[in-house]
Amino acid sequence: GVGRHWEMAIHPVGEGGLLVRLADRSEARAAERMRVDFVANASHELRTPLATLLGYIETLQMANGPEDAATRLRFLNTMFGEGKRMQRLIEDLMSLSRIEAEQHSAPQDAVALDSLAAEVRDAIASARSVERDRIEIAVDGAAPVAGDRAQLSQLLHNLIGNALKYGRPGGAVQVRVAREAAGLRLSVTDEGAGIPREHLPRLTERFYRVDPGRSRAVGGTGLGLAIVKHIAERHRARLDIASVVGQGTTVSVLFPLPGEALSSKSHTIVTQ
Ligand code: ADP
């Protein structure tokens, strides 16, 4: 439930008088609960691969452990995969806390999103053996945005990465940079299975996944969209996630043009 939490303080005043003060602590309580949940979730996410890793090490250490080279190699490959998973998680956790620490400074670089998108596409294509042509970039009247280049690169990595991970296998990923009246829109569209409506409002929560097994199988940490949300907020941009089940998903970020501010709400989610 979302009941309010009141804190009551009673102070003596004057001759035998009492002042009763009520303070609404609902938001502080909610923030504290989120922090506790976050630490518990992060610990759990790290503990699982660590337990697997230690289990395999113990088996290899045993005097009567596997002797044939093929089995040992299989064990080592699993151990490597679990180690990588922990590494990705720690890197994402560090990114999140770095972005949070920078949240109150305005980003200063003039970033051309179209050429940054091309850079990220090339990096992803070479690092993940994805065909470069699967990632299409369309530009419609682009202009530079005032941004943090490293963070925007990470935002693009996360969105294109999700489109590849959850898109149709071998399907196209469309990256669009388009000038609109309200600002500059960067959008990433895939032809995947889409996301059922009821999940949309929760996707940017840390560790929220529609299908946890699928996310882990494709190397997800559950932090990608939380990172995207924080980066969008730092840029005073608006994040929209629109998805049609059976057709695909478009995640877009609407950046204010230099010198202009978007309307108050920095983060909204819409459904198509
Ligand atoms: P993960 O590391 O699990 O990919 P994210 O925070 O990036 O974490 O995304 C959260 C969840 O949102 C994913 O686990 C997945 O269920 C869903 N999701 C994200 N992007 C897409 C997409 N393009 N298509 C379908 N589902 C998506």
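When reading the values below, keep in mind they use all heavy atoms of this one structure, side chains included, and skip hydrogens, waters and symmetry mates. Here, residue 1 is the first one in the sequence, and each next residue gets the next number. Numbering of ligands and ligand atoms starts at 1, following listing order. Since the model is a prediction, treat every value here as computed from it, not as a measurement.
- When all heavy atoms of Phe255 and Val145 are compared, the closest pair comes out as CB-CG1, 3.7 Å.
- Of all atoms in ligand 1, numbered sequentially from 1 with element shown, those under 4.0 Å from a heavy atom of Asp190 are 22 (C), 23 (N), 24 (N).
- In this structure, Arg216 pairs ionically with Glu45, as a charged nitrogen and a carboxylate oxygen lie closer than 4.0 Å.
- Salt-bridge annotation for Arg206 and Glu100: present, with a side-chain N of the basic residue lying under 4.0 Å from a carboxylate O of the acidic one.
- Protein heavy atom closest to atom 3 (O) of ligand 1, with residue, atom name and distance, is Ser215 OG, 2.5 Å.
- For atom 19 (C) of ligand 1, the closest non-hydrogen atom of the protein is Asn162 ND2, 3.6 Å.
- Polar contact check, Gly224 against ligand 1: a nitrogen or oxygen pair lies under 3.5 Å apart.
- Atom NE2 of His11 is surrounded by more than 12 heavy atoms from other residues, nucleotides or ligands within 6.0 Å.
- Counting the atoms of ligand 1 from 1 in the order shown, those under 4.0 Å from a heavy atom of Gly220 are 1 (P), 2 (O).
- Looking at Ile195, Val210, Leu159, Thr221 and measuring to atom 25 (C) of ligand 1, the nearest heavy atom belongs to Ile195.
- No more than 12 heavy atoms of other residues, nucleotides or ligands shown are found within 6.0 angstrom of CE on Met8.
- Ring pair Tyr208/His199 is tilted by interplanar angle, where 30° to 60° counts as tilted.
- For a threshold of 3.5 Å applied to N or O pairs, the pair formed by Tyr208 and ligand 1 contains no separation below that value.
- Using a distance-only test at 3.5 Å, with no hydrogens or angles considered, no donor-acceptor pair links the side chain of Asp114 to the main chain of Val139.
- Using a cut-off of 4.0 Å between Lys/Arg side-chain N and Asp/Glu carboxylate O, Arg149 and Glu119 are scored as salt-bridged.
- In terms of protein heavy-atom proximity, atom 4 (O) of ligand 1 is closest to Tyr166 OH, 2.6 Å.
- Remark: ligand 1 and Ala226 share no N or O pair separated by less than 3.5 Å (distance only, no angle test).
- Arg121 contributes no side-chain N or O that, together with a main-chain N or O of Arg134, makes up a donor-acceptor pair within less than 3.5 Å.
- The proximity of Arg214 to ligand 1, defined as any non-hydrogen pair under 4.0 Å, does not occur for either the backbone or the side chain.
- Contact annotation: for Leu225 versus ligand 1, heavy atoms closer than 4.0 Å belong to both the backbone and the side chain.
- Taking a cut-off of under 4.0 Å to the non-hydrogen atoms of Leu203, the atoms of ligand 1 that pass are 12 (O).
- Heavy atoms of Gly192 stay at 4.0 angstrom or farther from ligand 1.
- The atoms of ligand 1 that sit less than 4.0 Å from any heavy atom of Arg209 are 3 (O), 14 (O).
- For ligand 1 and Gly222, the ligand atoms under 4.0 Å from any heavy atom of the residue are 1 (P), 2 (O), 3 (O), 6 (O), 8 (O).
- Put simply, the side chain of Asp148 never gets that close to the backbone of Pro107: no donor and acceptor are under 3.5 Å apart.
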